[in-house]
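Note that the numbering runs from 1 along the sequence shown for the chain.
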Amino acid sequence: MMRVTRGSAALDRTRNALAAAMPSSLAIVLAAGKGTRMKSDLPKVLAPVCGRPMVRYVVDSLREAGIDRIVVVVGYKAELVRAELAGEPGVSFVEQTEQLGTGHAVMVCRAEIEANGGHAAGGPVVIVTGDSPMLQVSSVRALLAEYDASRPACLIGTAHRNDPTGLGRVVRDGGGGFIGIVEEKDATDEQRKITEVNMSTYVFGGRQLLSALDRLTTDNAQAEYYITDCPGILQSEGEPVAALAALQPCEALSVNTVDDLAAVEAEMKRMQIQG
């Protein structure tokens, strides 16, 4: 027979009260891409890992972490992604009809961000990619807890990777404060030695995110809007931006090719065996 201590009911009531007092959270899952290097006609996020489409792992992790509403941005063969996630509680869809970059994918969710509270008292907006099946519940919870404690305009979820080749390096000052993200092609030799990398996982304040989106431009080689520009925009406005190395090493595994997919599946199987 299970024993219940005298204080457990009171503790549960306290936790429930705190949860009710916190603003609702919104997650935006970027899932509009084709994945041209995946050697498949499927949308990239539907590529299977251990028998399930990648995006399902992402949605499951966000929901288990306590995200109230999940908006999936669809584009290439949108109907297939919609069909896969049809009936999932709390999940809705926004279509990105033009592929104009990650920043544009978030722009098309403006109405959803505003509805969630695009103001000072609004809830946090979590942004993740739909091709990150290794996203861990504990990492999302850690980012939300840090955001709730410090309320930055933007909190960047980072990871340490033994081989950071090709990824943006997180640059910090002598006291560990966030300075910025430097892409590898722009990094100095010393910066390339940094192992902390950007993994395209963010928590924004709704009001600040909307402000940054308004200032995004396509002044880059690809002529696209990049969500990665938003932290710098907010910093330039004097808003606090922070980075937290909350993501586990397994989450640093990115999926861009068939070989990457095989590596992620192998890691997932290994973790399942270890329990």
Side-chain angles (χ1 to χ4, degrees), residues 18-19 22-30 57-58 61-68 70 102-103 106 113 116 120 122-164 166-184 187 191 193-209 211-212 226-254:
L18 286 171
M22 289 177 62
S24 63
S25 51
L26 168 72
I28 296 174
V29 180
L30 308 183
Y57 293 101
V58 178
S61 292
L62 292 170
R63 185 183 292 119
E64 190 174 342
I67 304 293
D68 302 296
I70 301 171
T102 54
V106 180
I113 298 169
N116 195 62
V125 181
V126 179
I127 300 175
V128 297
T129 61
D131 58 358
S132 51
M134 301 302 293
L135 182 68
Q136 300 296 297
V137 175
S138 58
S139 300
V140 180
R141 285 176 175 166
L143 289 171
L144 288 172
E146 176 62 26
Y147 175 84
D148 188 55
S150 57
R151 292 303 173 101
C154 174
L155 177 62
I156 305 167
T158 68
H160 285 279
R161 185 166 176 168
N162 292 334
D163 180 10
L167 297 172
R169 308 306 202 275
V170 176
V171 181
R172 297 180 181 271
D173 60 26
F178 175 78
I179 294 177
I181 297 169
V182 179
E183 297 303 325
E184 184 170 86
Q191 288 171 335
K193 297 177 183 177
I194 296 172
T195 60
E196 187 180 4
V197 294
N198 176 32
M199 293 306 301
S200 301
T201 302
Y202 307 91
V203 184
F204 285 93
R207 174 183 61 81
Q208 295 95 332
L209 176 57
S211 174
Y226 293 137
I227 193 64
T228 49
D229 290 340
C230 286
I233 289 172
L234 291 170
Q235 279 188 316
S236 73
E237 295 177 339
E239 295 275 12
V241 175
L244 181 67
L247 277 66
Q248 300 176 28
C250 66
E251 292 171 275
L253 293 172
S254 55

Salt bridge (Lys or Arg N to Asp or Glu O under 4.0 Å) against [X], all qualifying residues, sequence neighbours excluded:
{"X": "R141", "value": "none"}
{"X": "E237", "value": "R215"}
{"X": "E251", "value": "none"}
{"X": "E184", "value": "R169"}

Going by the rule side chain to side chain contact (heavy atoms under 4.5 Å, CB included), which residues pair with [X] if we only count those two or more places apart in sequence or in a different chain?
{"X": "A142", "result": "A246"}
{"X": "S150", "result": "E146, P152"}
{"X": "A27", "result": "L62, I67, I70, V126"}
{"X": "T228", "result": "N198, Y202, Y226"}

*V29 vs T129, side chain to side chain contact (heavy atoms under 4.5 Å, CB included): CA-CA, chis, key distance, verdict*: CA-CA 5 Å; V29 180; T129 61; over 6 Å; no
Identify the two heavy atoms, one from [X] and one from [Y], that lie closest to each other, and give their separation to 0.1 Å.
{"X": "C250", "Y": "Q136", "result": "SG-NE2, 3.9 Å"}
{"X": "V170", "Y": "A243", "result": "CG1-CB, 4.2 Å"}
{"X": "C154", "Y": "I156", "result": "SG-CG1, 3.9 Å"}
{"X": "Q235", "Y": "F178", "result": "NE2-CD2, 3.5 Å"}
{"X": "A65", "Y": "L144", "result": "O-CD1, 4.1 Å"}

*Counting only N and O atoms by type, is there a donor-acceptor contact under 3.5 Å from the side chain of S24 to the main-chain atoms of G123?*
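Checked: no pair found.
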*Where the side chain of S61 meets the backbone of L135, is there a donor-acceptor pair that is under 3.5 Å apart?*
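Yes, because the side chain of S61 sits within donor-acceptor range (under 3.5 Å) of the backbone of L135.
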*Which distance, rounded to the nearest 0.5 Å, do you find between the CD1 of I194 and the OG1 of T158?*
11.0 Å
*Interatomic distance, L209 atom CG to N116 atom CG [nearest 0.5 angstrom]*: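 Output value for this atom pair is 10.5 Å.
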Validation row: [X], [Y] side chains within 4.5 angstrom (heavy atoms):
{"X": "Q208", "Y": "L234", "answer": "yes"}
{"X": "I113", "Y": "V106", "answer": "yes"}
{"X": "L30", "Y": "I127", "answer": "yes"}
{"X": "V171", "Y": "I181", "answer": "no"}

*Please report the C-alpha distance between T195 and R161 in whole Å, then the side-chain angles of each, then the deciding distance to 0.1 Å, and finally whether the side chain to side chain contact (heavy atoms under 4.5 Å, CB included) criterion is met.*
CA-CA 5 Å; T195 60; R161 185 166 176 168; 5.8 Å; no
_Going by salt bridge (charged side-chain N to carboxylate O under 4.0 Å, His left out), name the pairs with one or both residues in residues 130-140, residues two or more places apart or in two chains._
K44-D131
*Could you please spell out the steps behind the side chain to side chain contact (heavy atoms under 4.5 Å, CB included) verdict for Y57 and M134?*
CA-CA 7 Å; Y57 293 101; M134 301 302 293; over 6 Å; no
Checking [X] now: which residues fulfil side chain to side chain donor-acceptor pair (under 3.5 Å) with it, not counting sequence neighbours?
{"X": "E183", "value": "none"}
{"X": "R63", "value": "E88"}
{"X": "D163", "value": "T165"}

*For a side-chain contact (heavy atoms from CB on, under 4.5 Å) with P124, tell me which candidate from D148, V203, L155, L143 qualifies.*
V203
*asked:* Tell me whether the count of non-hydrogen atoms from other residues, nucleotides or ligands lying under 6.0 Å of CG in D173 goes above 12.
replied: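 More than 12 heavy atoms, drawn from other residues, nucleotides or ligands, come within 6.0 Å of this atom.
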*Would Q248 and S138 satisfy side chain to side chain contact (heavy atoms under 4.5 Å, CB included), going step by step from the backbone distance to the final call?*
CA-CA 9 Å; Q248 300 176 28; S138 58; 3.0 Å; yes
